[in-house]
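The figures that follow rest on heavy atoms only: side chains count, while hydrogens, waters and symmetry mates do not. Start at 1 and go down the list; that is how both ligands and their atoms are numbered. Position 1 is the first residue of the sequence, and the numbers go up from there.
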Amino acid sequence: VLGGGPPPIDFGTSPFATPPRDLIPLGTGYMDESLQPLALLRAAVGRAARRDHVFSRVPSEGLEPLRAWFARDIGGELSARNVLIVPGGQAALSAVIRALVPAEGGLLCESPTYFGALAIARASRIRPLPVPSDAEGIRPDLLEAAVARSGARVLYLQPNYANPSGALLSTERRIALLEVVQKLGLFVIEDDYARDLAIDGVVPAPLVRACPGHVVYVRSLTKTAAPGLRVAAIAALGPAFERLRAARAVDEWFVSGLLQETTLELVGATGWRRHTEQLRSKLRERRDAMLEAIDRELSGLSRSSPLGGFSVWLALPPAFDDLELAREAERAGVHLNAGRLFYPAEPDAPHVRLSYAGAEPREIREGVARLAEVLRRR
Ligand SMILES: Cc1ncc(COP(=O)(O)O)c(C=O)c1O
């Protein structure tokens with residue numbers, strides 16, 4: 001007998017399944033190899049492998065110098081003692097959501113939001129609860145009502161270039177949000193997955209810096225470096241930190257010393273900063289190619305205008321079935337994501353998410369042209 005009820009996702013159709021290789025990849029949240037710092041990574045692994053004790057047991061909180069690097073990266077008053085090293089953002093979110101939200105409880109989130117966070121909640125019998133959001137991010141003025149209605153106390157949030165909407169939480173809303181959070185004694189799970197993916201302007205300081213007692217911060221390097229560098233950090237204070245430290249040790253014991261040492265070598269390499277600059281400039285080319293192609297081929301549809309990150313949120317005409325469209329696009333050789341996967345509750349309108357992380361400008365133009373052809377046929 002298989003325990004634990006039905007699986008939390010339909011693996012075959014969910015974005016957790018590896019996309020078919022022969023399609024134009026507009027449905028991936030990871031950079032393709034041309035955007036990964038492969039030479040730096042290879043050199044970093046080589047140097048890391050020669051270090052002493054690299055295959056030995058390491059502390060379950062993570063290596064102190066790597067914890068300190070993440071703490072410095074966050075800035076403010078957090079130190080290495082507030083940081084846990086975990087194998088990727090998904091593992092971080094899983095630990096944090098399960099540690100902070102009681103079973104059968106509710107998790108407040110933007111709508112739409114990252115499908116992976118929704119899947120974690122559902123797998124843990126936690127109800128995702130939508131809070132209205134727009135191009136400036138979550139609406140703090142409506143958060144209070146959502147809390148009053150549901151009694152939920154934890155909010156999952158991507159303040160920077162949210163996946164999939166691309167929204168960047170505005171300065172006014174950051175201030176208003178932290179006021180509500182402090183007033184009501186809420187916890188925010190800040191998923192800063194796109195800290196290194198700013199395209200226009202500068203990414204704002206993490207919320208955790210302004211309000212460390214109410215924010216648990218998650219920062220993964222998989223988008224900046226490579227999906228296979230399964231290293232991320234959780235930063236938290238006090239009882240939240242202690243609870244997470246215990247939960248992580250029970251789940252995993254510790255993250256491989258080889259990966260942690262590799263990460264230290266990578267972020268300390270002279271070419272690291274250059275890599276992040278090149279990444280942003282390549283993402284700009286790709287984003288511009290995608291927006292231009294959408295405006296040319298799909299001019300009647302409304303779309304997001306992301307200032308960073310990797311996704312464009314495209315609204316379909318009201319009667320369209322987004323899942324059906326994703327299937328038809330696949331038959332036309334394009335992989336993309338149906339919008340309904342990203343909704344904590346009923347979708348307000350049909351959408352698709354188009355990602356420019358995994359495709360070159362030429363492929364992006366071709367993919368959007370094929371999508372337009374599919375839409376014209378309907
Ligand atoms: C918003 C967001 N958070 C977290 C993750 C998890 O990424 P990883 O586990 O590779 O760090 C992803 C991956 O797509 C994401 O898009």
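Counting only distance, with no hydrogens or angles, the side chain of E190 and the backbone of P159 share no donor-acceptor pair below 3.5 Å.
When all heavy atoms are compared, the tightest approach of Y356 to I199 is OH-CD1, 3.6 Å. The two residues L35 and A357 make their nearest non-hydrogen contact at CD1-O, 4.0 Å.
The hydrophobic cluster analysis finds V45 isolated: no Ile, Leu, Val, Met, Phe, Trp or Tyr side chain comes under 4.5 Å of it, directly or through other members.
In terms of protein heavy atoms, atom 3 (N) of ligand 1 is closest to D191 OD2, 2.6 Å. At the top of the distance list for atom 16 (O) of ligand 1, counting protein heavy atoms only, stands N163 ND2, 2.8 Å. The nearest heavy-atom contact from the protein to atom 10 (O) of ligand 1 is Y30 OH, 2.6 Å. Nearest protein heavy-atom neighbour of atom 1 (C) of ligand 1: Q158 OE1, 3.2 Å.
For the side-chain hydrogen bond (donor to acceptor under 3.5 Å, both in side chains) test, no residue two or more places apart in sequence or in another chain qualifies with Y161.
Selection from Y114, F16, Y193 by nearest heavy atom to atom 5 (C) of ligand 1 gives Y114.
At under 3.5 Å, a nitrogen or oxygen of G89, whether backbone or side chain, sits near a nitrogen or oxygen of ligand 1.
A donor and an acceptor atom, one from each side chain of S305 and R303, are located under 3.5 Å apart.
Of the residues listed (I74, D73, N160), the one engaging D192 in a side chain to side chain contact (heavy atoms under 4.5 Å, CB included) is N160, and it is the only one.
Near Q90, meaning under 4.0 Å from one of its heavy atoms, ligand 1 places the atoms 6 (C), 8 (P), 9 (O). Atoms of ligand 1 lying under 4.0 Å from any heavy atom of R230, numbered from 1 in the order shown and given with element: 8 (P), 9 (O), 10 (O). Applying the 4.0 Å criterion to heavy atoms of K223 picks out, from ligand 1, the atoms 12 (C), 13 (C), 14 (O), 15 (C), 16 (O).
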